[in-house]
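To start, the structure under review is shown below, and the notes come after it.
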Amino acid sequence: MSKENIEKLAKAYIPKAYEDAVYKKWEHSGAFNSDNLESRKGDYCIVMPPPNVTGTLHMGHAGMLAYEDIMIRFHRMDGFRTLWLPGTDHAAIATQTKVEKIIKEDGLTRHSLGREEFLKKVDEFAQKSHDTIENQIKKIGSSCDWSREAFTLDKTRNKAVNSVFKLMYEDGLVYRGERVVNWCPRCHSTLADDEVEYEEVTGKLYWLKYGPFVLATARPETKLGDTAVAVHPSDKRYKEMVGKDYEIQGVLGKFMVKVIADRSVDMEFGSGVVKVTPAHSLIDSEMATRHGIPTKKIINEDGKMMDNCGKYAGMTTLEAREAIVEDMQEMGLIDHIEEDYKHKLSLCYRCDTVIEPLPSLQWFIDVNKKTDKLLGKSIKETCVDAVKKGVFKKEKINIIPSRFEKNYFHWMDNLRDWCVSRQIWYGHRVPVWYKDEEIFVGVEAPKGEGWVQDEDTLDTWFSSGMWTFSTLANKPEQISIKDGKLYIDSEDFRNFHPTAVLETGYDILFFWVARMIIMTTYAINDIPFKNVYLHGLVLDEKGKKMSKSKGNVIDPLDMIDKYGTDATRLSLIIGSTPGNDMKLSEEKIEGLRNMVNKLWNISRYIIQTIGIDKSEIKKENLTAADQAIIVKVQDLIDEIKKDLEGYRFSKAAEYLREFSRNDFADWYLEITKYDHSTEKKKVLTLILSDLLKLWHPFAPFITETIWSNFNDSLLLTEKWPSSKKYRELLGHSKEASLFGEIIEIIKGIRNVRAAHKVAPDKKIEVVIYAGEQTEFIRSQEHLIKKLKTGIEKLTITEKGECLKNAVPLTVGEIEIYLPLGSLIDSKKEKLRLENELEQAEEYLASIERKLKNQAFTKNAPAEVIAREEKKAASTKSKLSKTKALLQQLS
RNA sequence: GGGUCUGUAGCUCAGUUGGUUAGAGCGCCACGUUGACAUCGUGGAGGUCUCCAGUUCAAAUCUGGACAGACCCACCA
């Protein structure tokens with residue numbers, strides 16, 4: 001240990017002084033790269049959920065990275081060849097929208113720029129955003145393999161996307177059709193069903209005079225597109241009218257509608273009659289298909305009334321609504337208007353614009369068609385099986401927490417054909433080319449003249465659905481189609497797929513996790529991952545979502561700057577359970593900074609005050625305290641491993657905190673100041689080393705920094721501690737278990753001193769009757785005297801008389817007296833004893849009631865009964881002692 | 001309308017398959033310069049585990065119901 005190193009250990013840990021250098025050291029070591037790791041226990045891979053290249057990372061990302069880094073670091077140390085594959089997501093609509101906003105400031109639009117120029121701008125933006133994100137990921141300490149970084153829109157991923165699209169087309173799973181879709185007039189694009197959000201609003205409900213009917217509608221302007229009227233088949237009121245045609249007076253003249261009977265009509269709502277506008281309502285469109293009703297489109301892609309709407313043409317739907325209602329009122333076509341009608345508006349999840357359902361020619365994935373590729377099953381069925389019982393000879397995908405499996409099944413069961421084409425420019429272009437009546441679907445553009453590629457791009461989830469396997473291809477050439485299947489010819493793919501865990505937020509279970517299962521089972525007949533670990537949302541301290549507009553955002557980089565990465569990471573792990581949201585406050589991070597600093601000082605004490613000694617521990621020289629701490633470490637190692645393997649990260653970190661502060665610092669370290677063990681240097685070196693290893697996945701920076709002070713190696717690649725080593729060193733130790741009583745005795749004495757307000761510098765006398773353990777307790781006399789008990793004279797004998805004017809204490813069978821004499825407040829002491837007596841009596845009574853209960857003694861397991869009997873016995877002896885003491889007092 | 005989750009100390013949460021006189025962190029109160037640490041230490045107060053009923057020898061834990069809150073899905077024209 002050089003002097004230089006000692007000087008490095010400042011009084012408090014300053015994260016900023018070390019973090020960046022430590023990360024560089026890790027990177028240069030090559031240990032993030034799986035090529036440099038051995039596969040002693042197997043391969044372990046996590047592909048990082050790619051952050052959107054729209055901006056910067058938030059606390060949610062920081063938490064995600066912390067979880068994944070913990071899993072990766074633990075498995076790396078535990079002997080797995082680990083690969084954590086980083087990447088970013090092009091996030092089609094989100095990114096395009098953002099760039100459109102930016103260029104708008106210069107008075108530009110994407111149309112004024114043209115496709116090519118606009119995409120250049122988006123790429124520039126994406127690149128800049130990507131660099132920021134990469135830096136942030138590093139700041140958080142993520143031990144991912146940057147040499148394999150992927151982007152959802154790069155060449156390799158494009159090859160995968162085009163190939164899978166082609167395969168699906170050939171299998172008839174992808175088709176083009178004119179269907180009513182969710183249309184965002186602002187984004188000018190379709191949206192998938194689950195990209196639509198709902199907001200409750202209070203509007204008006206218009207009751208229209210509609211031929212022979214009166215019916216209610218919230219959207220009178222759609223009357224221009226009505227082609228039918230529907231009633232419920234069992235509605236007696238309208239039975240006679242079903243199947244007949246009626247002439248309806250409209251604002252633009254008369255038109256005919258047919259009356260149809262359909263089960264989807266709610267008899268309770270309104271008058272039980274609903275006007276059918278097949279072009280602008282999903283439900284209506286389905287009804288129209290069932291009954292062969294024609295479709296009349298009246299609203300265009302800008303959300304405006306079309307030319308076939310007479311004088312209303314060119315108005316927005318809202319303007320048209322007002323105008324039409326006014327006209328209808330004049331014509332006497334409105335029965336009445338309900339003012340307080342609560343209903344939900346469909347909004348675009350990206351820009352909150354009201355969705356306009358309209359018919360559009362789009363590409364869809366058929367989720368119900370059975371296909372040979374999936375052994376005669378449909379996408380839907382396969383994806384349900386993958387989580388229910390396993391597919392393709394793989395075990396079922398395990399979702400943590402398991403309750404989300406129910407949500408998954410429910411979503412899958414109700415899944416409709418997935419619209420995958422988007423009318424935006426940024427994204428994977430639909431790999432379809434047209435020439436007159438011909439259509440070509442392929443990985444590359446067809447040869448020959450006159451082919452024009454489809455203008456649309458693919459839903460961003462189409463490409464991110466392939467993320468686990470597309471990222472394991474290192475270059476486009478490794479992806480090919482053979483025998484109607486997708487082949488990935490790479491070492492990484494063979495080694496690491498299916499991946500071990502997908503760690504992500506529960507909020508994208510449907511958006512992403514389900515899509516990955518869809519794409520992977522179809523494309524490569526495999527599951528994408530064996531486990532799914534779902535974390536919750538990071539909320540502010542009041543439980544509200546963090547958002548810029550609310551001003552309640554806690555920025556991870558600010559916190560890292562202020563309190564260090566380790567503290568920030570811990571704040572996101574501790575107190576968080578899978579699938580549940582967590583509240584975060586700056587105070588919490590500050591508290592964990594204190595914990596991290598404690599670890600620093602523990603190490604500082606051992607390294608510079610005690611000194612490092614890596615030589616072998618001689619068992620025969622171990623003191624009772626040494627043995628006790630060794631047993632504790634042994635249990636700690638077992639517990640941490642069990643918790644990490646069981647995804648109980650918070651529990652593991654809490655266990656570590658508890659051990660480090662309480663068992664190790666407050667007790668053992670204090671003990672070493674007075675316990676003259678010849679082995680203490682060695683024991684402390686061993687425990688510190690293993691403690692740093694156990695902490696490392698959670699707090700990588702500080703542990704590596706401390707480690708470098710007494711080791712030449714990198715902690716990052718050290719072997720995970722084994723409890724076996726401790727077990728072999730110690731074997732069964734009676735002294736270790738007895739040592740707990742020494743701690744109890746010391747605590748008891750401190751407690752009495754505090755209760756009787758004995759001044760801290762006042763020395764006292766203590767008498768202990770230790771019975772069978774006299775010899776052992778005597779051997780620990782020095783500790784009892786020194787550890788903040790302020791004892792001047794300590795007498796330890798086997799037994800003796802009840803002392804007068806003394807405060808009594810019991811620890812198991814051991815009796816302790818503190819003859820404090822005049823320091824004792826006898827009134828208070830009497831009260832305390834009476835209280836104790838009462839409690840003990842109640843307690844004993846409850847145990848005896850139990851023991852007398854035959855049903856209990858008959859049914860309860862023997863060990864439970866034995867425990868109760870033991871409790872009864874010790875309470876009895878305590879009772880009699882307390883009674884004796886009380887008598888003495890009075 | 002269908003579903004999921006949550007309700008334990010002032011606050012944030014643990015409590016694995018039913019058997020602990022119910023735990024931690026923060027906060028609070030009292031005290032403290034004892035070989036690293038005031039970003040610290042010692043001690044303490046504080047809970048009828050939301051309520052009701054049931055199963056059981058035994059319930060914070062299992063079942064049913066009520067109340068309160070969060071979220072997801074569907075969607076009514």
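The basis for the numbers below is simple: all heavy atoms, side chains too, and nothing from hydrogens, waters or symmetry mates. This one's a predicted model, so the numbers in the text were calculated from it and none came from an experiment. Every chain is numbered from 1, with letters handed out A, B, ... down the list of sequences.
Applying the 4.0 Å criterion to OP1 and OP2 of C37(B), one finds that R604(A) has a side-chain N or O inside that range. A sub-4.0 Å separation between OP1 or OP2 of G25(B) and a side-chain N or O of K588(A) is absent. For R661(A) and G41(B), the shortest distance from a side-chain N or O to OP1 or OP2 is below 4.0 Å. One finds no side-chain N or O of N601(A) lying less than 4.0 angstrom from the OP1 or OP2 phosphate oxygen of U39(B). Contact check, K858(A) against C57(B): no side-chain N or O comes under 4.0 Å of OP1 or OP2. Contact check, T577(A) against A14(B): a side-chain N or O comes under 4.0 Å of OP1 or OP2. Within the structure, a side-chain polar atom (N or O) of H343(A) is placed less than 4.0 Å from OP1 or OP2 of A77(B). Dashed line: the shortest gap from a side-chain N or O of N407(A) to OP1 or OP2 of G3(B) is not under 4.0 Å.
Counting any heavy atom pair closer than 4.0 Å across all strands shown, K11(A) reaches sugar-phosphate atoms only and no base atom. Base contact: N859(A) has a heavy atom under 4.0 Å from a base atom. R416(A) comes within contact range of the sugar-phosphate backbone alone, with a heavy-atom separation under 4.0 Å but no base atom that close. Within the 4.0 angstrom heavy-atom criterion, only backbone atoms of the sugar-phosphate kind lie near K583(A); the bases stay farther away. Within the nucleic acid shown, F404(A) has no heavy atom closer than 4.0 Å to any nucleic acid atom. A759(A) comes within 4.0 angstrom of nothing in the nucleic acid, heavy atoms only. Looking at heavy-atom distances under 4.0 Å, N853(A) makes contact with sugar-phosphate atoms alone, never a base. Across all strands shown, D666(A) has heavy atoms under 4.0 Å from sugar-phosphate atoms exclusively, and none from any base. Among the heavy atoms of the strands lying under 4.0 Å from R593(A) is at least one base atom, whether or not backbone atoms are also near. Residue-level contact check: E670(A) touches the bases, meaning some heavy atom is under 4.0 Å from a base atom. Within the nucleic acid shown, A218(A) comes within 4.0 Å of sugar-phosphate atoms alone, with no base atom in reach, counting heavy atoms only. No contact: R753(A) has no heavy atom under 4.0 Å from any strand. Looking at heavy-atom distances under 4.0 Å, I283(A) makes contact with sugar-phosphate atoms alone, never a base.
G54(B) and U12(B): their C1' atoms are spaced 33 Å apart (whole Å). With both ends at atom P, the span from C72(B) to A66(B) equals 24 Å, rounded to whole Å. Comparing C49(B) with U42(B), their P atoms are spaced 31 Å from each other, to the whole Å. Annotation: G2(B) and C11(B) have their P atoms spaced 33 Å apart (nearest Å). U63(B) and U16(B) are spaced 14 Å apart, taking the P atom of each and rounding to whole Å. For the P atoms, the distance linking A14(B) with C57(B) amounts to 32 Å, nearest Å. Here the separation of C75(B) from G1(B), taken at their C1' atoms, is 9 Å to the nearest Å. The gap from the P atom of G41(B) to that of C26(B) amounts to 9 Å, rounded to the nearest Å.
In the model, D675(A) has no side-chain atom that pairs as donor or acceptor with a side-chain atom of S677(A) under 3.5 Å. A side-chain donor-acceptor contact under 3.5 Å links D226(A) and Y210(A). A donor-acceptor pair shorter than 3.5 Å cannot be found between the side chains of N835(A) and R832(A).
Distance, L537(A) CG to C72(B) C1': 12 Å, rounded to whole Å. Between the OH atom of Y210(A) and the C1' atom of A77(B) there is a distance of 11 Å, rounded to whole Å. With rounding to whole Å, E586(A) atom CD is found 14 Å from U39(B) atom C1'. Atom-to-atom, CG of D507(A) to C1' of U4(B) comes out at 15 Å; the value is rounded to the nearest Å. Between L669(A) atom CG and U42(B) atom P there is a gap of 12 Å when expressed in whole angstrom units. Rounded to whole angstrom, the span from the CD1 atom of I574(A) across to the P atom of U12(B) amounts to 17 Å. What separates CD1 of I847(A) from P of G19(B) is a distance of 16 Å, to the nearest Å. Between the C1' atom of G25(B) and the CG atom of L656(A) lies a distance of 15 Å, rounded to the nearest Å.
With ring centers used as reference points, F664(A) lies 6.0 Å or more from W695(A).
Contact annotation: side chain of E868(A) to base of A58(B), donor-acceptor pair absent below 3.5 Å. Contact annotation: side chain of K651(A) to base of A24(B), donor-acceptor pair absent below 3.5 Å. Contact annotation: side chain of K598(A) to base of C37(B), donor-acceptor pair present below 3.5 Å. Donor-acceptor pairing under 3.5 Å, judged by distance alone, is absent between the side chain of R750(A) and the base of U42(B).
Stacking is not found between F856(A) and the pyrimidine-like six-membered ring of the C57(B) base under the 5.5 Å centre-distance and 30° plane-angle cut-offs.
Place I606(A) and A755(A) on RNA chain B by their nearest nucleotides, and I606(A) ends up nearer the 5' end. Mapping T857(A) and A840(A) onto RNA chain B by nearest heavy atom places A840(A) closer to the 5' end of the strand.
With the 3.5 Å cutoff on both pairing distances, Watson-Crick and G-U pairs in RNA chain B assemble into runs of at least 3 at B:1-7 with B:67-73, B:10-13 with B:23-26, B:28-32 with B:40-44, B:50-54 with B:62-66.
Side chain of P760(A), nearest nucleotide from U21(B), G35(B), C31(B): C31(B). Distance from the side chain of Y605(A) is smallest to A36(B) among A36(B), C76(B), G25(B). Looking at the side chain of R403(A), the nearest of the listed nucleotides C73(B), U4(B), G19(B) is U4(B). Considering only the side chain of R657(A), A24(B) comes nearest among C73(B), G43(B), A24(B).
Using a distance-only test at 3.5 Å, with no hydrogens or angles considered, a donor-acceptor pair links the side chain of S585(A) to the main chain of K588(A).
At most 12 non-hydrogen atoms from other residues, nucleotides or ligands lie less than 6.0 angstrom from NZ of K258(A). No more than 12 heavy atoms of other residues, nucleotides or ligands lie within 6.0 Å of NZ in K786(A), so this atom counts as exposed by the packing criterion. The environment of CZ in R263(A) is sparse: at most 12 heavy-atom neighbours from other residues, nucleotides or ligands sit within 6.0 Å.
Atom OG1 of T227(A) sits about 9.5 Å away from atom NZ of K296(A), to the nearest 0.5 Å. Interatomic distance, CD1 of I400(A) versus CD of E405(A), reported as 9.0 Å (0.5 Å rounding).
Two residues are said to be in side-chain contact when any heavy atoms from C-beta on lie closer than 4.5 Å; L644(A) and F698(A) meet this criterion.
Exactly one residue among I560(A), D561(A), T565(A) makes a side-chain contact (heavy atoms from CB on, under 4.5 Å) with K16(A). That residue is D561(A).
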